[in-house]
Amino acid sequence: MAATSKTSGGNNAYHNFHNDFLHIKDVNERRRLALAEVDRAPFGWYHVRAVVVGGIGFFTDSYDIFSVSLLTLMLGIVYYPGVGKMPTTSDTAIKLATSAGTVVGQLLFGTLADVVGRKQMYGLELIIIIFATVAQALTSSSPSIDIIGIIIFWRVIMGVGIGGDYPLSSIITSEFATTKWRGAMMGAVFAMQGLGQLAAALVMLFITLGFKSSLETAPTLADCTGGCAVSVDKMWRILIGFGAVPGCAALYYRLTIPETPRYTFDVAKDVEKGQEDVKAFIKGEPEGHPDEIARIATQQQAQEKMTVPKASWGDFFRHYSKRKNALLLAGTALSWCFLDIAYYGVSLNNAIILEVIGYSTKGATSTYEMLYNTAVGNMIIILAGAVPGYWVTVFTVDTVGRKPIQFMGFGILTVLFVVMGFAYSKLSPTGLLAIFVLAQFFFNFGPNATTFIVPGECFPTRYRSTSHGISAAMGKVGSIIGQGAIAPLRTRGGTPANPSPWMNHVLQIYALFMLLGIGTTCWIPETKRKTLEELSGDDDYAAGGGGVLEASGAASGGDEESGKKVAAA
């Protein structure tokens, strides 16, 4: 028998015979074969596009989150003249505001993405971020409302949008990714956090240089009044407002990305649309356009015959009442929580830590030098530690694996925080800065990246976004604990000569939580080079293995050549 010619849309996962999958009547087989196209597709520009669209959002998120330590430094100069520093309570409240909003956004958007679809929610969270960022930059005080209260309000709203970005970007990237490089793609999206942090430090550096003449008139932060204070007021508004620019650039692409085929197949049970969406994604089109008559007929059949369980609150609680599933969710959620207690407790206080170890104040003779040193210090920490850590993870996560990287990261961070905490008074400022940079490296070549990646892979499609949202929300609860309850302890018993006498004990507490993270890592699976269907446990794709593909050959109406080629794929 002559070989059947191959039609368009095929790849090395499935050599698209007989006009796509129309020859296959079993909707479960059609679903599996379409998902095999996504899983085994060669890495291409459509994958790069997915990473860039998701990554720009994370760039914006990170810029907005981590610029807060620079923001509170400048607000202290402008709104507390003669003191030059915000009260610890106000400083902490502004930093906690974003995390509080983020918890709400992660739970809300995570759940809605599983209920109404990824595409329906993607872009909405970015609109919220853009609006709140611009509003924050334009805000001011009045006789009846304090500036600190207004900024807290807008940072809560901004946090809701940022929170929504975590599950949506993670899930959309994982569900469009090829299995072989899924970890690298998700890691690259998350690595944009490092570039966002770097951008915040660079913008701070440039605006400090731009207002140099005004800032040099004040020998100390407390003396920065009059024209100097006006310059700093302009600086923090430029710093915050710039965070809306990358979000605006990414908005169109987020609103026009197609629905992920896994959601269309497994939750909407729309087989025809799912197949067309796979093609649309590869071609860079907003969505697929199936034949509506065939779509309705197949959708009715899919509701009756598809083996993927249907999402419901009852099924959700039954799923997580099983010990294995509950431990998995606990492992992803608590690992993220313990990590963020230390990560945000340290990272959102970079400016304070630089001041405590004497970097930003040492030798500074003016407000300009203080702000300049703070910006440069942030850049050193980010370029030497954070950015390399993110990208080492990207290049190793699909070969070394998620679990070993997370174990290693938590282990090394435990040692580093023990050294900083117990040898704090014996280490020189240079030594402390070096260890601090190392900690930033192993945060990101370690659990900060893997706690984002694993929850986007290991849960079933119908609850993947909700479960990622729960895990991420626990992380932000950890960040609230780290910033609100632990970091302020550094000022306990403080004096003008020694404002942070408890910094060593704070670092010791962080060491304890890194140690706990090693324990919770035992509960997560290794997801390297496994399909999402294998990991979910709700599908017989893993058990069927090659049999699924072999069966498709038999289902093609007896064409032996087709069956052989499909099985060989």
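In what follows, residues are counted from 1 in the order of the sequence shown.
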Asks: How many angstroms lie between atom OG of Ser465 and atom CD of Gln106, to the nearest 0.5 angstrom?
Replies: 10.5 Å
Asks: Which atom pair, heavy atoms only, marks the closest approach of Ile405 to Thr450?
Replies: CG2-CG2, 3.9 Å
Asks: Test side-chain hydrogen bond (donor to acceptor under 3.5 Å, both in side chains) on Thr98 and Arg155 and set out the steps.
Replies: CA-CA 5 Å; Thr98 309; Arg155 289 195 74 83; 2.9 Å; yes
Asks: Show your working on ring pair (Phe, Tyr, Trp, His ring centres under 6.0 Å) between Tyr390 and Phe443 and close with a plain yes or no.
Replies: CA-CA 9 Å; Tyr390 282 115; Phe443 270 131; over 10 Å; no
Asks: Look at the aromatic rings of Phe242 and Tyr63 and report parallel, tilted or perpendicular, splitting at 30° and 60°.
Replies: tilted
Asks: Would the Tyr166 and Phe58 ring centres measure less than 6.0 Å apart?
Replies: yes
Asks: If you count every heavy atom of other residues, nucleotides or ligands that lies below 6.0 Å from Arg492 atom CZ, does the total exceed 12?
Replies: no
Asks: Evaluate the criterion side chain to side chain contact (heavy atoms under 4.5 Å, CB included) for residue pair Thr332 and Cys458; output intermediate values, then yes/no.
Replies: CA-CA 10 Å; Thr332 58; Cys458 63; 4.2 Å; yes
Asks: Got a second to check how far Arg464's CZ is from Leu532's CG, nearest 0.5 Å?
Replies: 4.5 Å
Asks: Where does the angle between the aromatic ring planes of Trp391 and Phe395 fall among parallel (under 30°), tilted (30 to 60°) and perpendicular (over 60°)?
Replies: tilted
Asks: Return the minimal non-hydrogen interatomic distance between Leu75 and Met86, and the atom names on each side.
Replies: CB-SD, 3.9 Å
Asks: Could you tell me the separation between the CE atom of Met185 and the OG atom of Ser170, rounded to the nearest 0.5 Å?
Replies: 11.5 Å
Asks: If we ignore angles and hydrogens, is there a donor and acceptor under 3.5 Å between the side chains of Asp114 and Thr466?
Replies: yes
Asks: Apply the test side chain to side chain contact (heavy atoms under 4.5 Å, CB included) to residues Phe436 and Leu432: give CA-CA distance (whole Å), side-chain angles for both, the deciding distance (0.1 Å), then the verdict.
Replies: CA-CA 6 Å; Phe436 187 55; Leu432 275 171; over 6 Å; no
Asks: If only atom types and distance count, is the side chain of Asn325 paired as donor or acceptor with the main-chain N or O of His319 below 3.5 Å?
Replies: yes
Asks: Taking the side chain as C-beta and beyond, is there a heavy-atom pair between Lys180 and Phe43 under 4.5 Å?
Replies: no
Asks: Test side-chain hydrogen bond (donor to acceptor under 3.5 Å, both in side chains) on Glu216 and Ser366; report intermediate values, then the result.
Replies: CA-CA 6 Å; Glu216 284 182 325; Ser366 67; 5.5 Å; no
Asks: Does a side-chain heavy-atom distance below 4.5 Å link Gln508 with Phe422?
Replies: yes
Asks: Using the test salt bridge (Lys or Arg N to Asp or Glu O under 4.0 Å), find all partners of Arg182 that sit at least two apart in sequence or belong to another chain.
Replies: Glu457
Asks: Can any side-chain N or O of His505 pair as donor or acceptor with the backbone N or O of Leu489 at less than 3.5 Å?
Replies: no
Asks: Between Lys476 and Tyr344, do the side chains contain a donor N or O and an acceptor N or O under 3.5 Å apart?
Replies: yes
Asks: Sub-3.5 Å donor-acceptor pair from the side chain of Asp340 to the main-chain atoms of Gly478, do we have one?
Replies: no
Asks: Side-chain contact test, heavy atoms from C-beta onward, threshold under 4.5 Å: evaluate it for Trp336 versus Tyr343 and give yes or no.
Replies: no
Asks: Can you confirm whether Phe442 sits close enough to Asn448 that some side-chain heavy atom of one is under 4.5 Å from a side-chain heavy atom of the other?
Replies: no
Asks: Considering non-hydrogen atoms only, spot the tightest contact between Arg402 and Lys528 and give its length.
Replies: NH1-CA, 3.5 Å
Asks: Would you say the side-chain atoms of Glu534 and Thr531 include a donor-acceptor pair closer than 3.5 Å?
Replies: yes
Asks: Quick one: does any side-chain atom of Thr393 pair with a main-chain N or O of Gly389 as donor and acceptor, under 3.5 Å?
Replies: yes
Asks: Not counting sequence neighbours, which residues clear salt bridge (Lys or Arg N to Asp or Glu O under 4.0 Å) with Asp233? List them please.
Replies: Arg237
Asks: Quick check: closest heavy atoms across Ile524 and Lys403, and the distance to 0.1 Å?
Replies: O-NZ, 2.8 Å
Asks: Answer with yes or no after comparing the ring centroid distance for Tyr372 and Tyr368 against a 6.0 Å cut-off, counting only values under it.
Replies: yes
Asks: Do Asp64 and Met158 make a side-chain contact, defined as non-hydrogen atoms from C-beta onward lying under 4.5 Å apart?
Replies: yes
Asks: Between Leu371 and Leu73, does a side chain to side chain contact (heavy atoms under 4.5 Å, CB included) hold up when you go through it step by step?
Replies: CA-CA 9 Å; Leu371 295 178; Leu73 178 64; 3.6 Å; yes
Asks: Would a distance-only check, ignoring hydrogens and angles, find a side-chain to backbone donor-acceptor pair under 3.5 Å from Ser62 to Gln193?
Replies: yes
Asks: Can you tell me how far apart OG1 (Thr92) and CD1 (Ile480) are? Round to the nearest 0.5 Å.
Replies: 12.5 Å
Asks: Can the ring centres of Phe417 and Tyr424 be said to be less than 6.0 Å apart?
Replies: no
Asks: Please report the interatomic distance CG(Leu239) to NZ(Lys234), rounded to the nearest 0.5 Å.
Replies: 16.0 Å
Asks: Can you find a heavy atom in the side chain of Ile486 that is under 4.5 Å from one in the side chain of Phe513?
Replies: yes
Asks: Starting from the C-alpha separation in whole Å, work towards a yes-or-no answer on side chain to side chain contact (heavy atoms under 4.5 Å, CB included) for Trp523 and Leu329.
Replies: CA-CA 9 Å; Trp523 297 342; Leu329 184 59; over 6 Å; no
Asks: Are side-chain N/O atoms of Asp91 and Thr88 paired as donor and acceptor at under 3.5 Å?
Replies: no
Asks: Please determine if Arg490 forms a cation-pi arrangement with Trp502, meaning its NZ or CZ atom is less than 6.0 Å from the six-membered ring centre and no more than 45° off the ring axis.
Replies: no
Asks: According to side-chain contact (heavy atoms from CB on, under 4.5 Å), who are the partners of Ile435, at least two apart in sequence or on a separate chain?
Replies: Leu416, Val419, Met420, Leu427
Asks: If you look at every heavy atom in Ala93 and Ile152, which pair is closest and at what distance?
Replies: CB-CD1, 3.7 Å
Asks: Does a side-chain heavy-atom distance below 4.5 Å link Leu215 with Cys228?
Replies: yes
Asks: Give me the atom names and distance for the closest heavy-atom approach of Asn444 to Ala449.
Replies: O-CB, 3.6 Å
Asks: Is a donor on one side and an acceptor on the other found under 3.5 Å between the side chain of Thr173 and the backbone of Ser169?
Replies: yes
Asks: Could you tell me the separation between the CZ atom of Phe190 and the CG atom of Asp61, rounded to the nearest 0.5 Å?
Replies: 10.0 Å
